[in-house]
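This report concerns only the one structure given below.
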2 protein chains.
Amino acid sequence: MSVQERKERERAGRERLIVATARELAEEQGWDAVTTRRLAERIEYSQPVLYSHFRGKREIIGAVALDGAAEMAVALRAASSAADGPRARVAALARAYLDYAVRNPAVYDAMFRLDGGLAFAREDTPAPLKDAFAALLETLGEVAGDGVHPGLFTETFWAALHGLATLTRSGRLPPEHTDVRVDLLVDRLAAL
Amino acid sequence: MSVQERKERERAGRERLIVATARELAEEQGWDAVTTRRLAERIEYSQPVLYSHFRGKREIIGAVALDGAAEMAVALRAASSAADGPRARVAALARAYLDYAVRNPAVYDAMFRLDGGLAFAREDTPAPLKDAFAALLETLGEVAGDGVHPGLFTETFWAALHGLATLTRSGRLPPEHTDVRVDLLVDRLAAL
DNA sequence: TCTCGATGCTAGCACCGCTAGACAATAGAG
DNA sequence: CTCTATTGTCTAGCGGTGCTAGCATCGAGA
């Protein structure tokens, strides 16, 4: 019986290794460089091993996305709770969000740009994704304003942040004055 | 001399055919399905012909993006000018933008999600891109509010729309209540 | 010690973007 | 009208991709 448990542990460890290595590789050289061959070589196993853990590359992206969501939720809550007053909390949250996107571009892509086969905004949405959204909601919900649904407000604010993050990183918005744009968003969108 | 002209015309015609066919194929089956082989087959030429017009697939995406930008600029100006008053103009503009993204998802991706090798927000930015941004600016600039740079305001508003468009289409935001989110954006962000 | 199932490997599929080099069509010279 | 030179297009192939069939090896339990 203990043999089986050891095997399961080893298997779980290898799965974590795959996900961590995929993330590393993606952050180093971009997701296009994360090929099954390169990934297999880095973990020192053959390609088919990857397929005994994940259905395919998509699921690996999904796994990285879930890790990232949990991480981001922590970062968002930390930033928000370190600030005093609604205005400061919202501003800190927004900055933390964009900061995470800049510091972890590949993970951000896995979460919000690439197809990781994950369900969003549904009952069967994985817990880490729900929790990351909850982290946004906790701070943004209190500045939604009268008669505005907190969830819808959070979604809208999130979309704006996402637009800034993606357009800036792809070079479609100039990198300067990002803070001005964020301030604009915070000052106008939040009902303070 | 006239022979040369005829050849140039034919060449230009074929180039338009390539771009139009790439766009068709992308709208029908997504950009992943736009392979050089399939594209070559549809235009009834061999693959290398594509490379005598474009450096590679990226440039073809860029060409589709430029067509789309010109088209979108027209749509935005039409929507805006058909509305009375700043509030209505901004709302019409926002709806037209999202409407274009929904109706032409592949073109939208070519413009704002994929890498078409185009320069954004610079002096050497292609005219159609500049003009599409100008179309946004014409309407949004007048509601930027005192002391807010019209360009920066337009960028921020655009980013918010882009976020809504991409998150909704990728299933990360539920498709319902899009109009509520847009109204929120218009009412709060614009200084009316 | 032997058997048998689990596990990881090699090899290969169909497809990708892209290109070298052979070949055919055609414009211009004589 | 013929010949040559150039232009244009094609076939074939390179190294890569995600993914999988089927074989070999290893180790647990009898």
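Because the structure is a prediction, the values reported are computed rather than measured. Within every chain, numbering begins at 1; the chains are lettered A, B, ... in the order of the sequence lines, protein sequences first and strands thereafter. Note: hydrogens, waters and symmetry copies are ignored here, and every other heavy atom, side chains too, is used.
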Could you list, one pair per line, each protein nitrogen or oxygen that sits under 3.5 Å from a nitrogen or oxygen of nucleotides 6-8 of chain D, together with the distance?
none

Once base and sugar-phosphate atoms are separated, protein heavy atoms under 4.0 Å mark nucleotides 10-20 of chain C, 5' to 3', with B, S and - as B-B---BBBBB

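The shortest side-chain heavy-atom distance between Tyr51(B) and Thr36(B) falls under the 4.5 Å cut-off.
When the C1' atom of dT7(C) is taken as reference, atom CD of Glu8(A) falls 14 Å away, rounded to whole Å. Remark: P of dT17(D) and CH2 of Trp31(A) are 15 Å apart, rounded to the nearest angstrom. When the P atom of dG18(D) is taken as reference, atom CZ of Phe54(A) falls 15 Å away, rounded to whole Å. Spacing between atom CD of Glu41(A) and atom P of dG18(D) amounts to 13 Å, rounded to whole angstrom units.
The stretch residues 108-115 of chain A has no heavy atom under 4.0 angstrom from DNA chain C at all.
A salt bridge links Asp183(B) with Arg95(B): at least one charged nitrogen is closer than 4.0 Å to a carboxylate oxygen. The pair Asp67(A)-Arg23(A) fails the salt-bridge criterion, with no side-chain N (NZ, NE, NH1 or NH2) lying under 4.0 Å from an Asp/Glu carboxylate O. The existence of a salt bridge linking Arg87(A) and Asp187(A) is confirmed by a sub-4.0 Å separation between a basic side-chain nitrogen and an acidic carboxylate oxygen. Remark: Glu10(A) engages Arg6(A) in a salt bridge, criterion side-chain N to carboxylate O under 4.0 Å.
The one candidate from His162(B), Arg103(B), Arg169(B) that meets the side-chain hydrogen bond (donor to acceptor under 3.5 Å, both in side chains) condition with Tyr108(B) is His162(B). Results of the side-chain contact (heavy atoms from CB on, under 4.5 Å) test with Pro150(A) over Val143(A), Leu137(A), Leu140(A) single out Leu137(A) as the only residue that passes.
Evaluation of the side-chain hydrogen bond (donor to acceptor under 3.5 Å, both in side chains) rule for Asp146(A) yields no partner, not counting sequence neighbours. Take Glu142(A) and apply the side-chain contact (heavy atoms from CB on, under 4.5 Å) test, not counting sequence neighbours, and it matches Arg89(A).
Surrounding CD of Glu28(A) are more than 12 heavy atoms belonging to other residues, nucleotides or ligands, all under 6.0 Å away. Atom CD of Gln29(B) is surrounded by more than 12 heavy atoms from other residues, nucleotides or ligands within 6.0 Å.
Computed from C1' positions of five pairs at each end, the angle between the two local axes of the helix from dT1(C)-dA30(D) to dG30(C)-dC1(D) equals 20°, rounded to 10 degrees.
When only modelled atom types and interatomic distance are considered, Arg37(A) and Thr35(A) share no side-chain donor-acceptor pair under 3.5 Å.
Trp158(A) and Phe120(A) have parallel rings, their planes meeting at less than 30° on a 0 to 90° scale where 60° marks the start of perpendicular.
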